[in-house]
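Okay, so here's the structure we're looking at.
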Amino acid sequence: MNFELTKEQTMIKKMVRDFAQEVIQPRAIEIDKEAKFPVDIFEQMGELGLLGIPFSEKYGGSGGDTISYALAVEEIGRVCGSTGLSYAAAVSLGASPIYYFGTEAQKEEFLMPLAEGKALGSFGLTEPNAGSDASGTKTTAVEDGDDYIINGEKCFITNASFAKTIIATAVTGKNDKGKNIISAIIVPTDTKGVKITSNYDKMGVRGSDTAEIVLDHVRVPKKNLLGDPQKGFNQFLYTLDGGRISIGALGLGIAQASLDKALAYAKERTQFGKPISSFQAIQFKLADMSMEVELARNMVHKAAWLKDNNKPFSKEAAYGKLYATETAFRSANQAIQIHGGYGYMREYEVERYLRDAKLLEIGEGTSEIQRMVIARQLGC
Amino acid sequence: MNIYVLLKKTFDTEEKIAVSGGVIEDDGAEFIINPYDEYAVEEAINQRDAHGGEVTVVTVGDEDSEKQLRTALAMGADKAVLINTEDDLEDGDQFTTAKVLEAFFADKEADLILAGNVAIDEASGQVGPRLASSLGISYVTTVTSLKIDGETVNIEKDVEGDVEIIETSLPLLVTCQQGLNDPRYPSLPGIMKAKKKPLEELEIDDLDLDEDDVEAKTRTTDIFLPPEKEAGRVLEGDVQDQVKELISLLKNEAKVL
């Protein structure tokens with residue numbers, strides 16, 4: 001067994017940390033306050049090759065592994081949850097499905113610009129009436145000659161306003177048992193009939209774009225169908241499993257940031273003539289936070305390692321996502337408590353961590369869905 | 001153009017540094033490329049891109065220095081050389097390092113050698129000038145601009161906040177000052193490519209040097225942290241009296257007047 005990162009992984013972590021500290025951190029408060037998606041930061045991340053970490057060089061990627069990608073998400077999430085979420089969604093949801101299930105032609109046309117960081121992609125699964133129950137998808141894609149005509153509505157779609165392509169899920173027919181077949185179709189956002197609006201006023205991850213999509217008689221060629229027309233649903237499950245590792249990594253970043261801020265503050269803040277870090281009430285909080293952060297890291301990295309080694313990782317990805325995101329919420333909450341009144345102020349950043357962390361317990365499968373996934377793996 | 005960069009691995013001084021028994025504790029310390037050497041790496045890459053040639057990064061260090069060399073390769077350097085003195089030398093100083101480098105450069109034809117202005121750990125700023133002197137080439141320290149046109153080199157040099165403009169020629173050694181450029185982040189493809197770039201490891205034996213040839217000229221007798229900053233004192237009372245008290249304190253206590 002070896003818990004050590006490789007040289008490349010260490011270098012990637014260091015590079016992303018430096019970039020996050022120097023370029024993103026100074027703007028983190030503004031990104032949250034103005035709820036403005038930092039397009040220029042994504043351009044720089046694209047140039048550094050961050051948007052293509054887990055994809056092979058053949059498709060414009062960097063040829064890194066899932067662990068490296070998780071390290072990058074953690075380091076970005078550590079300074080800015082909004083940027084971290086948009087990053088994780090762009091790679092895991094916008095680009096990964098094409099990498100894993102796309103045809104050669106689809107990869108060249110749609111994946112390359114995403115992996116090279118020249119464009120962003122989105123994944124349109126959630127609908128007003130299909131959230132945790134993705135099988136309740138109402139959007140339809142009807143064959144018409146060489147095309148599909150897509151009609152429906154998607155909501156809470158990350159990055160959609162800035163996306164070049166959306167992978168939209170839609171009902172394409174019924175199987176032998178009369179159940180809906182749900183497939184994924186690549187929809188370029190400049191196609192006629194695609195309307196994207198971003199009017200949400202969110203609690204957290206405010207600088208990450210979230211949009212509604214209306215698909216009104218959107219005509220796309222049949223060759224844009226992604227992967228197996230019958231097994232579309234299983235593909236989303238694989239995509240979501242992978243996405244969970246990155247959301248776990250994002251939670252880990254927020255949890256680590258909460259611990260860092262709380263520890264620094266506790267050593268500095270004096271009450272009753274002593275730094276508050278000398279009081280057991282505070283020490284116990286910090287000890288718990290530190291332990292949970294490390295446990296979350298081990299789980300997220302293990303899930304990433306399993307994926308890199310082509311082993312089943314569904315259960316571990318769910319463990320990682322569930323534990324790391326709940327750790328993020330608890331750590332952020334304790335960080336505010338340790339900061340007292342100051343922690344309630346935007347300037348001290350820990351209140352933002354809590355607002356950002358809350359989303360992670362909901363997006364890409366709620367905590368409850370993670371528990372269902374785990375229970376299913378247990379044979380329940 | 002044959003471009004060489006002298007690179008040193010240093011403590012990350014942004015992290016906490018612990019000293020015990022007159023030695024800096026290695027455990028838990030973070031190591032980085034000396035920040036001034038990062039300017040040198042960046043400049044070397046830019047000069048190569050403008051004039052062609054090859055960038056070789058050289059360090060005198062230990063096994064762990066490979067990490068910093070790989071980072072320089074990931075930034076865009078072509079080759080790296082690690083002169084590992086870990087097993088052969090107890091303590092070295094600037095003389096040692098310059099002597100080792102002199103032996104390394106004996107059979108090289110370097111057009112341009114770049115180094116950091118100082119290393120942030122010991123801040124002597126000696127290795128570059130010592131090396132240039134023993135190789136018999138010109139050197140300019142603390143450069144903030146470097147323009148090469150054929151054999152002619154135009155340099156802007158920082159002199160305590162003022163700028164000195166110098167014209168010289170290749171071959172040349174310069175030490176790099178803040179303001180020269182903005183070092184790039186190693187890109188992801190760069191990091192992945194760095195794995196495959198050549199990194200040669202040498203020991204002083206390979207340079208036909210004996211331990212005695214490079215024995216340090218200085219001895220470090222103690223290392224200690226600066227005293228902790230004490231809380232300031234706020235004078236009270238009438239402004240007139242405060243001024244008088246301040247003057248007297250500056251004279252008698254601080255002895256700066």
Side-chain angles (χ1 to χ4, degrees), chain A residues 4-25 41 43-73 75-76 87 91 95 112 115-117 260 263-264 267-268 270 273, chain B residues 7 9-16 18 27-35 37-39 41-42 45 57 59 61-77 80 82 178 181-199 201 228-229 231:
Chain A
E4 241 170 352
L5 298 178
T6 65
K7 282 197 188 77
E8 285 72 35
Q9 289 162 350
T10 311
M11 272 160 77
I12 291 169
K13 185 179 163 80
K14 164 94 168 66
M15 180 274 276
V16 183
R17 173 174 289 208
D18 290 347
F19 174 77
Q21 283 294 346
E22 289 157 24
V23 177
I24 308 177
Q25 173 65 54
I41 289 178
E43 284 167 3
Q44 288 184 67
M45 286 166 60
E47 282 164 22
L48 287 172
L50 291 178
L51 287 149
I53 293 187
F55 310 127
S56 62
E57 288 163 40
K58 192 177 162 198
Y59 303 115
S62 307
D65 53 13
T66 311
I67 293 179
S68 300
Y69 168 51
L71 293 168
V73 175
E75 290 302 330
I76 290 172
Y87 172 47
V91 176
M112 295 246 330
E116 287 172 349
D260 294 345
L263 179 61
K267 285 180 175 171
E268 207 172 82
T270 306
Chain B
L7 182 142
K9 174 188 81 175
T10 58
F11 293 103
D12 187 351
T13 49
E14 308 242 316
E15 303 283 325
K16 200 170 168 61
D27 297 352
E30 288 286 323
F31 289 95
I32 55 169
I33 296 178
N34 173 41
D37 300 350
E38 275 186 352
Y39 299 126
V41 175
E42 177 69 27
I45 294 166
V57 183
T59 197
D62 54 29
E63 202 188 335
D64 293 338
S65 311
E66 187 185 331
K67 211 177 115 198
Q68 284 68 34
L69 288 176
R70 290 276 174 211
T71 303
L73 292 172
M75 287 171 76
L82 166 59
Q178 193 172 9
N181 54 40
D182 202 359
R184 69 193 69 191
Y185 298 101
S187 74
L188 252 298
I191 290 173
M192 303 313 288
K193 270 185 221 144
K195 236 190 317 200
K196 294 166 204 146
K197 290 184 178 174
L199 192 151
E201 194 173 328
E228 278 210 36
K229 205 177 156 197

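Naming convention: chains lettered A, B, ... in sequence-line order (proteins, then strands); numbering from 1 in each chain. Everything numeric here is computed off the predicted structure, so don't read it as measured data.
- A salt bridge links Glu66(B) with Lys7(A): the distance from a Lys NZ or Arg NE/NH1/NH2 to an Asp or Glu carboxylate oxygen falls below 4.0 Å.
- Surrounding CD of Glu63(B) are at most 12 heavy atoms belonging to other residues, nucleotides or ligands under 6.0 Å away.
- Looking at heavy atoms from C-beta onward, Lys14(A) lies out of side-chain contact with Lys67(B) at the 4.5 angstrom threshold.
- Neither the backbone nor the side chain of Ser68(A) comes within less than 4.5 Å of any heavy atom of chain B.
- Side-chain contact between Val23(A) and Tyr185(B) is present, with at least one heavy-atom pair separated by less than 4.5 Å.
- Under a cut-off of 6.0 angstrom, the local environment of CD in Gln178(B) is sparse, with at most 12 non-hydrogen atoms contributed by other residues, nucleotides or ligands.
- Nearest heavy-atom pair, Met11(A) versus Ala74(B), reported as atom, atom and distance to 0.1 Å: CE-CB, 3.5 Å.
- Considering every non-hydrogen atom in both Pro189(B) and Gly49(A), the closest pair reads CD-CA, 4.1 Å.
- Closest non-hydrogen pair, Pro186(B) versus Met15(A), comes out as O-CG, 3.1 Å.
- Looking at heavy atoms from C-beta onward, Leu48(A) lies out of side-chain contact with Leu188(B) at the 4.5 angstrom threshold.
- In this structure, the separation between CD on Glu8(A) and CD1 on Ile191(B) is 8.5 Å, given to the nearest 0.5 Å.
- Annotation: maximal heavy-atom pairing with chain A below 4.5 Å, among Lys193(B), Arg184(B), Arg70(B), occurs at Arg70(B).
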